[in-house]
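Chain letters run A, B, ... following the sequence lines, proteins first and then strands; every chain starts at 1.
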Protein chains: 2
Amino acid sequence: MFSKACEYAIRASIYIAVKSESGQRVSLKDIAGAIDSPEAFTAKILQQLSKDQLIDSVKGPSGGFSIEKKKLQHLRLSQIVYAIDGDRIYKGCGLGLKDCSERKPCPVHHKFKAIREELKNMLEKTTVTELASGLGKGLTFLQR
Amino acid sequence: MFSKACEYAIRASIYIAVKSESGQRVSLKDIAGAIDSPEAFTAKILQQLSKDQLIDSVKGPSGGFSIEKKKLQHLRLSQIVYAIDGDRIYKGCGLGLKDCSERKPCPVHHKFKAIREELKNMLEKTTVTELASGLGKGLTFLQR
DNA sequence: ATATATTAAGATCTTTTTATCCTTTATTAT
DNA sequence: ATAATAAAGGATAAAAAGATCTTAATATAT
Ligand code: FES
Ligand code: FES
């Protein structure tokens, strides 16, 4: 569904969100440990999210990653996915045709579209805080 | 969503189905041309489908691929997907945790599960003939 | 100011996926 | 029987994704 990079991105964002809610900044090492991801690879991904200003980063001692509370209120899953995987989820044809097109649909177009639409809605509606809340309460998990 | 191999598998199956309905067998070259896929790679994929007895193949002059009418009546998209991509679509966690688990869910588990379930239903309900019919009528397309 | 902790950036390596090529085997037509 | 045709199978290559390493930049604390 998503690339590995995107999965890490989402997991990391949720973890950072939990910490940010109590005003803490978290280091790369901390994050990679919490979400069970390769550190260096995770660094790249966070770099990208930071460039896109979805998360904030501070260098140096006591530095690390965080998400401004203001941003956090609005941050959607869709934004993370878009930053890492681009729009292939939204625009890609289920059977791999160059683009998904209403005018020249592939055989699964209609059935696919419905599901993709739902996925899209879900990603656009779901906020990262919302997910962070479940994690904070110990109801959900980021590794196994 | 699916691997490239799986996309080709589905496209090829639908094309073979259309031809099989009128009793024709189709060659690899014909298929690859019709679905715009790399010939040798497509061969590997068809080999797999043939091994799994989802499609039939005959060597030699006037040989090629086909799907027995009896099989065709029951052949579902889910079978093709399973033969090529395995069960990752059904069992994989949306955030890449080792398995998707109800007892120790990831933060998106519930939202994800709903969508995955729909996808699964769709694949299990949809027959290849059904899709072939739209293609045969010129309503849908396998390349662009 | 200096040393230190921490992210940024670029280069490189590894693995997986996608794709090709070549030889063998089976089938058909002559 | 023989030649021609088409898929099967195995080996290899290219591209993409995933992951690591090394150096640079920057902020903090002393
Ligand atoms: S054309 Fe294939 S999903 Fe729309
Ligand atoms: S645990 Fe992640 S989708 Fe079920």
Side-chain angles (χ1 to χ4, degrees), chain A residues 1-13 15-16 19-20 24-33 35-67 81 83-86 88-89 92 95-96, chain B residues 1-13 15-16 19-20 24-33 35-67 81 83-86 88-89 92 95-96:
Chain A
M1 191 82 91
F2 305 125
S3 68
K4 222 94 200 45
C6 190
E7 291 173 355
Y8 294 145
I10 296 173
R11 300 205 328 241
S13 300
Y15 181 69
I16 297 170
K19 296 295 184 172
S20 291
Q24 296 172 67
R25 229 173 355 215
V26 281
S27 73
L28 172 61
K29 192 178 286 188
D30 191 353
I31 295 168
I35 72 174
D36 186 29
S37 67
E39 204 173 308
F41 189 38
T42 307
K44 292 291 172 201
I45 295 160
L46 295 177
Q47 229 173 88
Q48 184 63 45
L49 296 182
S50 174
K51 254 189 202 164
D52 289 9
Q53 310 196 324
L54 298 178
I55 68 177
D56 306 290
S57 83
V58 176
K59 289 184 188 176
S62 84
F65 298 89
S66 64
I67 307 177
V81 172
I84 305 298
D85 278 354
R88 88 189 157 79
I89 289 196
L95 295 190
Chain B
M1 192 80 90
F2 305 125
S3 69
K4 221 93 200 43
C6 191
E7 291 173 354
Y8 294 145
I10 296 173
R11 305 215 309 253
S13 301
Y15 181 70
I16 296 170
K19 297 294 184 171
S20 291
Q24 297 172 67
R25 230 174 353 218
V26 280
S27 72
L28 172 61
K29 192 178 285 187
D30 190 352
I31 296 168
I35 72 174
D36 186 29
S37 67
E39 202 173 309
F41 189 40
T42 306
K44 294 291 173 200
I45 295 161
L46 295 177
Q47 227 173 91
Q48 183 65 45
L49 295 181
S50 174
K51 255 189 200 163
D52 289 9
Q53 311 196 322
L54 298 178
I55 67 177
D56 305 292
S57 82
V58 176
K59 289 184 187 176
S62 84
F65 297 90
S66 64
I67 307 176
V81 172
I84 305 296
D85 279 354
R88 87 190 158 78
I89 287 196
L95 296 189

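- When distances run from any side-chain atom of A:Lys4 to the nucleotides D:dA19, D:dG9, D:dA29, the shortest one goes to D:dA19.
- Distances shown here put a side-chain N or O of B:Gln47 below 4.0 Å from the OP1 or OP2 atom of D:dG9.
- Listed by chain and residue number, B:Phe112 satisfy the ring-ring contact (aromatic ring centres under 6.0 Å, His included) test with A:Phe2 (two or more places apart in sequence, or in another chain).
- Which of D:dA8, D:dT20, C:dT7 sits closest to the side chain of B:Ser50 comes down to D:dA8.
- For the pair A:Ile84 and A:Gln48, the tightest heavy-atom approach, listed with the atom from each and the gap, is CD1-CG, 4.0 Å.
- Contact between B:Met1 and B:Arg88 at its shortest, heavy atoms only, is O-NH2, 3.3 Å.
- Between the P atom of D:dA7 and the CZ atom of B:Arg25 lies a distance of 10 Å, rounded to the nearest Å.
- Distance, B:Phe65 CZ to C:dT27 P: 14 Å, rounded to whole Å.
- Side-chain contact between A:Asp30 and A:Phe65: absent, with no pair of heavy atoms (C-beta onward) separated by less than 4.5 Å.
- Which of C:dT27, C:dT7, C:dA9 sits closest to the side chain of A:Lys44 comes down to C:dA9.
- Closest approach of A:Ser20 to A:Ile67, counting heavy atoms only: OG-N, 2.9 Å.
- The phosphate of C:dA8 has OP1 or OP2 within less than 4.0 Å of a side-chain N or O from A:Ser57.
- Whole-Å rounding puts the A:Ile45 CD1 to C:dA9 P distance at 15 Å.
- In this structure a side-chain-to-backbone donor-acceptor pair under 3.5 Å is missing from A:Ser50 to A:Leu46.
- Nearest-nucleotide mapping onto DNA chain D: of A:Gly60 and A:Ser3, the residue sitting toward the 5' end is A:Ser3.
- Closest to the A:Lys51 side chain, of the nucleotides C:dA9, C:dA8, D:dC21, is C:dA9.
- The side chain of A:Tyr8 contributes no N or O atom lying less than 4.0 Å from OP1 or OP2 of D:dG18.
- Taking atom CD on A:Glu39 and atom C1' on C:dT7, their separation rounds to 11 Å, with Å as the unit.
- Straight-line distance from the CG atom of B:Leu46 to the P atom of C:dA19: 14 Å, rounded to whole Å.
- Residue B:Pro61 places its side chain closer to C:dT27 than to any other of C:dC21, C:dT7, C:dT27.
- Counting to the nearest Å, the P atom of D:dG9 and the CD atom of B:Gln48 are 10 Å from each other.
- Of the candidates D:dA7, D:dG18, C:dT20, the closest approach to any side-chain atom of B:Leu28 belongs to D:dA7.
- Of the listed nucleotides (D:dA19, C:dT7, D:dA29), D:dA19 has the atom at the smallest distance from the side chain of A:Pro38.
- Distance from the side chain of B:Lys59 is smallest for D:dA6 among the nucleotides D:dA6, D:dG18, D:dT28.
- Mapped onto DNA chain D by nearest heavy atom, A:Val58 and A:Ala40 fall at different nucleotides, with A:Ala40 at the one closer to the 5' end.
- Taking atom NZ of residue A:Lys29 and atom P of nucleotide C:dA5, one finds them 10 Å apart after rounding to whole Å.
- Taking atom CG of residue B:Asp30 and atom C1' of nucleotide D:dA7, one finds them 14 Å apart after rounding to whole Å.
- Nearest nucleotide to the side chain of B:Phe41, out of C:dT18, D:dC21, D:dT28: C:dT18.
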